[in-house]
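All chains are named by letter (A, B, ...) in the order of the sequence lines, taking the proteins before the strands, and each is independently numbered beginning at 1.
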Amino acid sequence: ELKLHLILSVLIKSLNRFTKSISNILCVNELLLCRQVLFQMLHRKVPIVCFNAKDFLRTVLQIFGNEISWKQVADSVVLDPRIAAWLINPSDTVPSFERLIQKYFEKPFSMGIVNRDTNPHSDNIVCFKIKIGLWKLFCTLELPLIKILAVMETHKIHVNKQELKKTSEILGLRLKELEQEAHQVAGERFLLTSSSQLRELNKLQDLHPLPKIILEYRQVHKMKSTYVDGLRTCMRKGFISSTWNQTGTVTGRLSAKHPNIQGISKHPVRITKKQYIKGKEEEIITISPRTLFVSKQGYTFLAADFSHIELRILADLSSEPELLKLFQEPEDTDIFSTLASQWKGIPSEQVKHADREQAKRIVYSVVYGAGKERLADCLGITPLEASQFIESFMQKYKKVHEFTKKTIEQCRNKGYVVSIMGRKRPLPNINAQDYKLRTQAERQAVNFVVQGSAADLCKMAMVEIFTSVVISPTLTARLIAQIHDELLFEVEDSQIQEFSGKYNFSCKSSCLHFYPLSELLPDFISFQRLWLSIWYKFS
DNA sequence: CTTATTCGGTTTTGG
DNA sequence: TCCAAAACCGAA
């Protein structure tokens, strides 16, 4: 109550016409009043300007969750100056409201005296600083996202508590076994988690059993500490819900913590569970962290993800014919698998997941300017062979190289780079004397244009689909998480068909009634084509 | 001397 | 001397 009161009083101060009528009765019954005010604000869609608006909305939902539906909150209008400041420069994080004011006000600012007579437009100062390009990004993407994240944070994901405890014990057992095994093989006791000690062992990599044991130890240890025990510490009464950070990255992507749901391992790990009681009995079990999350009774998890989004964007931005041709192929062909089969000279049916993953890493590495040493490390080949590969890549995709050169050149001139939706990243080091700093800035520039644009499109998809669910009178599907190019929903079993149908419909038509893209982008046709093509692949 | 904080290094994710 | 996140651990 106190927290809500504090938030509300700050809020009320920023809503001039509310102030006079409400200040007199504030002491009578806080909660009733709060509720009434909130109902009114949400109902009338009063624009709410609030630092950390997401936290405010989440608090509202947590306290009045029974009376205010998540769809109502999703329909509210909120503005957050912190996000505005982040759009102006994503690199400098604004730690507090006071610091934000200090940064964007000429005069020093003392907290507690928010006098509207002396600073009638104080709330809008930062907003005014956002010039036309960023303003639209702000309104069409970032502001709707505040509500989406607030709603996401108030939804609880059920985890299988018993399974969690069981796997924790199994993993703990396996770790002990591996530790003993390692000590035995090494002939001395040491810490398997110590990196400095491991570097010593690195030299002995070719001497048989140790590396294998250590690698497995690390894998199992990571699994236990982060995905199993880590998850348990995040749990509240059998549920978890991540905290989302909208301003935590420089590229425009989202990040999550407690737990970091974006970093939970996809791939299962296989461990042998030894049962000493019965003698030699052995049992191989697989543990995949993502199956520890369970949907509610009568609900199903549905996920949709883009395919090759960054590569598509790169193809579009560079207009590289060879790359564009790759995407004309039938839908079900996997680009990286194809590349892997070409690279390794094996039939595409025999390409394993690891091969595909490696091909992916190689392509992105080369595109974003990896050196021959790095690539050689990645592939396990000599630097000479690696440089030859880079050369042939550049030869085959000439326009990609042109694109990177052009991007760096523009960055040198302007001091910043821009994504497809106008998101900016200033890179002051682009003209630095220091070679290391300068080349780093160059790679960051190229990477930002592509990764930032991908983030833009992923956010567009998120807003579009979420909004279509909110508008629907029947659908109750909840957005659970965003893993960069993937959206995870929890859908009522009886609505799976409806949801999927509406979803496909929305995919194909959304670009037609979307915001005035033509004003945002110099090359609208190109963008529309990209947007359509990506929507098509988003299934 | 003990405790808290920060900083690499390594792992996972995503492209 | 590909990019950008978070978690964990050990050392400073």
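The phosphate of dC8(C) has neither OP1 nor OP2 within less than 4.0 Å of any side-chain N or O from Lys224(A). Put simply, Arg218(A) has a side-chain N or O that comes within less than 4.0 Å of OP1 or OP2 on dT11(B). Taking only side-chain nitrogens and oxygens, Arg443(A) never comes nearer than 4.0 Å to OP1 or OP2 of dA4(C). Taking side-chain N and O atoms only, Ser255(A) has a distance below 4.0 Å to OP1 or OP2 of dA6(C). Under 4.0 angstrom from either OP1 or OP2 of dT13(B) there lies at least one side-chain N or O belonging to His267(A). Here Lys360(A) reaches the OP1 or OP2 of dG15(B): one of its side-chain N or O atoms lies under 4.0 Å away. Considering only side-chain N and O atoms, Arg253(A) lies nowhere under 4.0 angstrom from the phosphate OP1 or OP2 of dA5(C).
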Side chain to side chain contact (heavy atoms under 4.5 Å, CB included) between Tyr368(A) and Val450(A), worked out: CA-CA 10 Å; Tyr368(A) 296 127; Val450(A) 182; 3.1 Å; yes
Trace of the side-chain hydrogen bond (donor to acceptor under 3.5 Å, both in side chains) decision for Lys257(A) with Ser242(A): CA-CA 6 Å; Lys257(A) 61 179 183 183; Ser242(A) 290; over 6 Å; no
Stepwise side-chain hydrogen bond (donor to acceptor under 3.5 Å, both in side chains) test for Arg82(A) and Asn52(A): CA-CA 7 Å; Arg82(A) 167 175 248 173; Asn52(A) 286 341; 2.6 Å; yes
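When heavy atoms are screened at a 4.0 angstrom cut-off, Leu375(A) is found touching no nucleic acid atom at all. Val250(A) comes within 4.0 angstrom of sugar-phosphate atoms only, judged by non-hydrogen atoms across all strands, and of no base. Nucleic acid contact for Arg438(A): none, since no nucleic acid atom lies under 4.0 Å from a heavy atom of the residue. Heavy atoms of Thr439(A) sit nowhere under 4.0 angstrom from any nucleic acid atom. Within the 4.0 angstrom heavy-atom criterion, only backbone atoms of the sugar-phosphate kind lie near Tyr227(A); the bases stay farther away.
Using cut-offs of 30° and 60° on the angle between ring planes, the pair Tyr364(A) and Phe336(A) is tilted.
Computed from coordinates, the Leu311(A) CG to dC3(C) C1' distance equals 15 Å when rounded to whole Å. Whole-Å rounding puts the Arg232(A) CZ to dC8(C) C1' distance at 17 Å. For Asn447(A) and dT1(C), the CG to C1' distance is 14 Å, given to the nearest whole Å. Distance, Leu231(A) CG to dT12(B) C1': 14 Å, rounded to whole Å. Atom NZ of Lys222(A) and atom P of dT13(B) are 9 Å apart (whole Å). Protein atom CG of Leu427(A) is 12 Å distant from nucleotide atom P of dC3(C), rounded to whole Å. Rounding to whole angstrom units, NE2 of residue His484(A) and P of dC3(C) are separated by 17 Å. Atom P of nucleotide dA5(C) and atom CD of Glu486(A) are separated by 20 Å, given to the nearest angstrom.
Ring centroid separation for the pair His401(A) and Phe393(A) does not come in under the 6.0 Å cut-off. Here Phe489(A) and Phe301(A) keep their ring centres 6.0 angstrom or further from each other.
For Gln451(A) and dC3(C), a side-chain-to-base donor-acceptor distance below 3.5 Å is present, hydrogens and geometry of angles not being considered.
Comparing dT1(C) with dT12(B), their C1' atoms are spaced 23 Å from each other, to the whole Å.
Considering only the side chain of Lys257(A), dA6(C) comes nearest among dG15(B), dA6(C), dC8(C). Comparing dC2(C), dG15(B), dA5(C) by their closest approach to the side chain of Glu310(A) singles out dG15(B). You'll find that the side chain of Arg361(A) is closest to dT13(B), out of dT1(C), dC9(C), dT13(B). Distance from the side chain of Thr251(A) is smallest for dA4(C) among the nucleotides dT13(B), dC8(C), dA4(C).
Salt bridge status for Glu402(A) with Lys405(A): absent, with no side-chain N to carboxylate O gap under 4.0 Å.
Residue-to-nucleotide proximity on DNA chain C shows that, of Tyr368(A) and His258(A), the 5′-proximal contact is made by Tyr368(A).
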